[in-house]
Every structure is written in C-alpha cells, then in structure tokens.
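Here's the structure we're looking at; comments come further down.
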There are 2 protein chains.
Amino acid sequence: MQISSRFTVALHIFTCVDTFKENYKVTSDFLAASINTNPVIIRKILAKLKKAGLIKVARGTGGITLTRDLSEISFFDVYQAIEPLEGGDLFRFHEAPNPDCPVGRNIHALLDDKLKAIQTAMEDELKKYTLADLRTGMREILETEK
Amino acid sequence: MQISSRFTVALHIFTCVDTFKENYKVTSDFLAASINTNPVIIRKILAKLKKAGLIKVARGTGGITLTRDLSEISFFDVYQAIEPLEGGDLFRFHEAPNPDCPVGRNIHALLDDKLKAIQTAMEDELKKYTLADLRTGMREILETEK
DNA sequence: TTTTGCTGTAATTCAGATGATTACATCAGA
DNA sequence: TCTGATGTAATCATCTGAATTACAGCAAAA
C-alpha cells in the first residue's frame with residue numbers, strides 16, 4: 001500500500017509557507033489553491049503538524065509560523081507527525097499465527113527484527129532531508145525558471 | 001498507511017514450505033491453518049508468487065515448489081510480487097498541484113528525487129534478506145526450542 | 001461594536017483496499 | 001469414478017483516504 005498523499009501535501013505546505021510568507025497571507029484557502037484540494041484537508045494536516053509541535057497557527061487572523069529553524073525539522077519529523085502508524089510498525093503482521101504450529105508460534109521471532117531493520121533504513125533516509133533542503137531546492141528551481 | 005499483511009503472510013508461507021515439505025503435504029488448507037486465515041487468501045497470494053515466477057503450484061495434486069534456490073529469492077522479490085505499487089511509487093503524490101502557482105508547478109521537481117531516494121533505501125534493505133535467512137533462522141529457533 | 005475573514009471541527013459522502021467467506025468449475029492421481 | 005486439490009468469481013463487512021458542507025469560535029479592522 002502506498003503512503004498517503006498527506007505527507008507530500010505537508011511538504012508542499014511547508015514549501016509554500018517559506019516561499020510566500022513575505023508577500024502573501026498564507027491561509028488554508030491559499031494553500032488549498034496551490035495544492036488543489038479542499039481547505040478543510042489543509043486544516044486537518046495543519047492540526048497534526050501543530051499537535052506535533054512543528055508549527056503554530058494563528059487563530060482568527062490566520063498565518064503559520066514554524067517553532068524551530070528549517071534545518072531542525074526533518075522529513076522524518078513531518079512523517080511522524082502525519083502518519084500515525086499502528087504500534088509504530090510499517091509492516092502489518094497477520095493477526096493470529098497458530099501457536100500450535102512450530103512455524104506459527106515462532107514467525108514473529110523470525111521476522112520482527114528483519115522488518116524493523118527495513119523500516120529503520122527508510123526512516124534513517126527520511127531523517128537526512130530537512131525543510132532547509134526544500135527552501136534551497138525551491139529557490140534554485142525558481143531562479144532557473146526566470 | 002501500513003504495508004499489507006499479505007507480505008508477512010507470504011514470508012510465512014515460504015517458511016512453512018521449507019520447514020514442512022519433507023514430512024507434510026503443504027496445501028493451502030495446511031498453510032491457512034498455520035497462518036490462521038482463509039485458504040482462499042492463501043491461494044490468491046500463491047497465485048501472485050506464481051505469476052512472478054517464484055514458485056510453481058501443482059494443480060490437482062497440490063504442492064508448492066520453488067523455481068530458484070532459497071538464496072536467490074530476496075524479500076524484495078517477494079515484496080514486488082505481492083505489492084503492486086501504482087507506478088512503482090511508495091509515496092502517493094497529491095494529484096493536481098496548481099500549475100499557476102510557482103510552488104505548485106515545481107513541487108514534483110523539488111520532491112520526486114528525494115522521495116525516490118527514501119524508497120530506494122527501503123528497497124535496498126529488502127534486498128539484503130533472502131529466503132535462505134528464513135531457513136537458517138527458523139532452524140536455529142526450532143533447535144533452541146527443544 | 002459590528003463586520004469580516006479566518007481557524008477548528010463535526011458530520012457526511014464516495015471510492016477503493018483489505019480480509020473473510022461461500023460456491024463451484026477444473027484438474028490429477030488413487 | 002472418487003477424492004482431494006487448485007483456480008477464481010462473487011459477495012460482504014470493515015476501514016481508510018479524500019472531498020465537501022456546515023457552523024461555531026476567534027481576532028483584528030472598520
């Protein structure tokens with residue numbers, strides 16, 4: 001199964017905030033227009049980012065501010081804020097292997113550490129990128145676009 | 001979103017086949033009992049593994065045989081056989097970013113390579129494990145169980 | 001103080017995926 | 001020809017993702 005587009009939407013949001021915060025009032029409607037989705041979807045994602053302590057949202061007046069430096073927020077932070085994995089496990093395990101079968105009662109002992117290693121490899125790569133990379137990357141792109 | 005339990009079920013199947021093929025007739029009913037699910041679920045997964053060329057299934061009489069050596073089938077091979085990712089992308093992207101927005105029309109250029117790198121990190125780790133690891137691992141566990 | 005524009009959130013809807021199950025046609029060997 | 005398998009269609013319940021409507025609450029400007 002694919003990872004929900006909420007993650008790329010969140011990265012899109014951060015890029016917009018950084019790119020436009022000087023010249024525009026970045027509201028959920030503004031973001032919804034750039035991302036081409038519904039403002040409520042945006043607000044729900046903003047609520048998760050807020051709950052994770054990555055941003056603050058100004059009630060009433062509108063506007064989004066980060067709580068840390070761009071370089072202090074990694075893709076992994078965003079991913080964790082957005083995707084609440086059940087038990088923190090990327091791989092879903094079949095619920096009830098048969099304990100009366102030698103393989104069934106030991107399949108977790110056999111697989112758990114390997115699945116975890118695979119998940120960790122992905123998460124470690126997620127930690128390599130930060131929102132600062134989004135800023136510099138987008139600025140480069142916009143520069144060459146002129 | 002979590003990765004479907006079909007993947008761990010498939011690994012469970014391979015472990016059972018290797019562990020029991022000498023002393024039992026390993027049918028979809030047999031496997032369903034060990035995994036504690038429905039035989040039809042098993043057959044559907046077997047069909048995918050067969051289509052991917054990893055196994056052969058004896059019609060009528062029953063029985064599963066691998067087409068290659070255990071060490072020649074990696075977790076990644078199994079994963080690819082089981083999980084048909086749309087376009088091969090682990091991360092789903094929001095469908096229609098606004099091309100009239102500077103960020104919207106460049107968000108793919110900004111993110112695609114990074115998302116791909118993260119996916120590749122996970123896939124490379126999947127390639128590190130093979131069914132041979134399952135054999136040796138399970139044999140060790142069963143040895144200490146005595 | 002009232003208006004305006006925004007956020008927060010509940011409720012609904014629709015589509016698609018997952019997993020379980022029944023039913024049955026088909027096949028191969030005893 | 002029986003028996004025990006696989007192959008597969010069809011159905012169902014449940015869950016999740018994404019979109020949408022509706023409205024209460026808040027803060028600042030008029």
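Chain naming here is simple, since letters A, B, ... match the order of the sequence lines and numbering starts at 1 in each.
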State whether the number of non-hydrogen atoms from other residues, nucleotides or ligands found under 6.0 Å of A/K56 atom NZ is greater than 12.
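It does not: A/K56 NZ has 12 such atoms or fewer within range.
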Whole angstrom value for the distance that separates [atom2] of [N] from [atom1] of [X]:
X	N	atom1	atom2	value
B/I3	D/dT16	CD1	C1'	16 Å
B/I82	C/dA17	CD1	P	16 Å
A/I45	C/dT9	CD1	P	15 Å
A/K50	C/dG8	NZ	C1'	7 Å
B/M1	D/dT14	CE	P	17 Å
B/R92	C/dA15	CZ	P	15 Å
A/F7	D/dT16	CZ	C1'	19 Å
B/K51	D/dG7	NZ	P	12 Å

Starting at CG of B/L111, measure out to CZ of B/F93 and round the result to the nearest 0.5 Å.
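Between atom CG of B/L111 and atom CZ of B/F93 there are 4.5 Å.
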Side chain to side chain contact (heavy atoms under 4.5 Å, CB included) partner of B/V17, the single match among B/I64, B/I55, B/L131:
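Among B/I64, B/I55, B/L131, the one meeting side chain to side chain contact (heavy atoms under 4.5 Å, CB included) with B/V17 is B/I64.
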Among B/I35, B/T27, B/D29, whose side chain to side chain contact (heavy atoms under 4.5 Å, CB included) with B/I42 holds?
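It is B/I35, the one option of B/I35, B/T27, B/D29 that forms the side chain to side chain contact (heavy atoms under 4.5 Å, CB included) with B/I42.
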Indicate yes or no: does A/K21 engage A/D18 in a salt bridge with an N to O separation below 4.0 Å.
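A salt bridge links A/K21 with A/D18.
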Looking at the side chain of [X], which of [options] is the nearest nucleotide?
X	options	value
B/V57	C/dG19, C/dA17, D/dT6	D/dT6
B/S28	C/dT18, C/dG8, D/dT6	D/dT6
B/S4	C/dG8, C/dG19, D/dG17	C/dG19

For nucleotides 20-26 of chain D, tabulate all protein N/O to nucleotide N/O atom pairs closer than 3.5 Å, reporting atom names and distance.
from: D/dG25; atom 1: N3; to: A/R59; atom 2: NH2; distance (Å): 3.4

What heavy-atom pair brings B/T15 and B/T19 nearest, and what distance separates the two atoms?
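Minimum heavy-atom contact is O-OG1, 2.7 Å.
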Could you tell me whether A/A58 contacts a base, only the sugar-phosphate backbone, or nothing, with contacts defined as non-hydrogen atoms closer than 4.0 Å?
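Sugar-phosphate contact only - A/A58 comes under 4.0 Å of backbone atoms but never of a base.
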Assess whether side chain to side chain donor-acceptor pair (under 3.5 Å) is satisfied between A/T8 and B/H94, documenting all intermediate values.
CA-CA 7 Å; A/T8 57; B/H94 46 293; 3.0 Å; yes
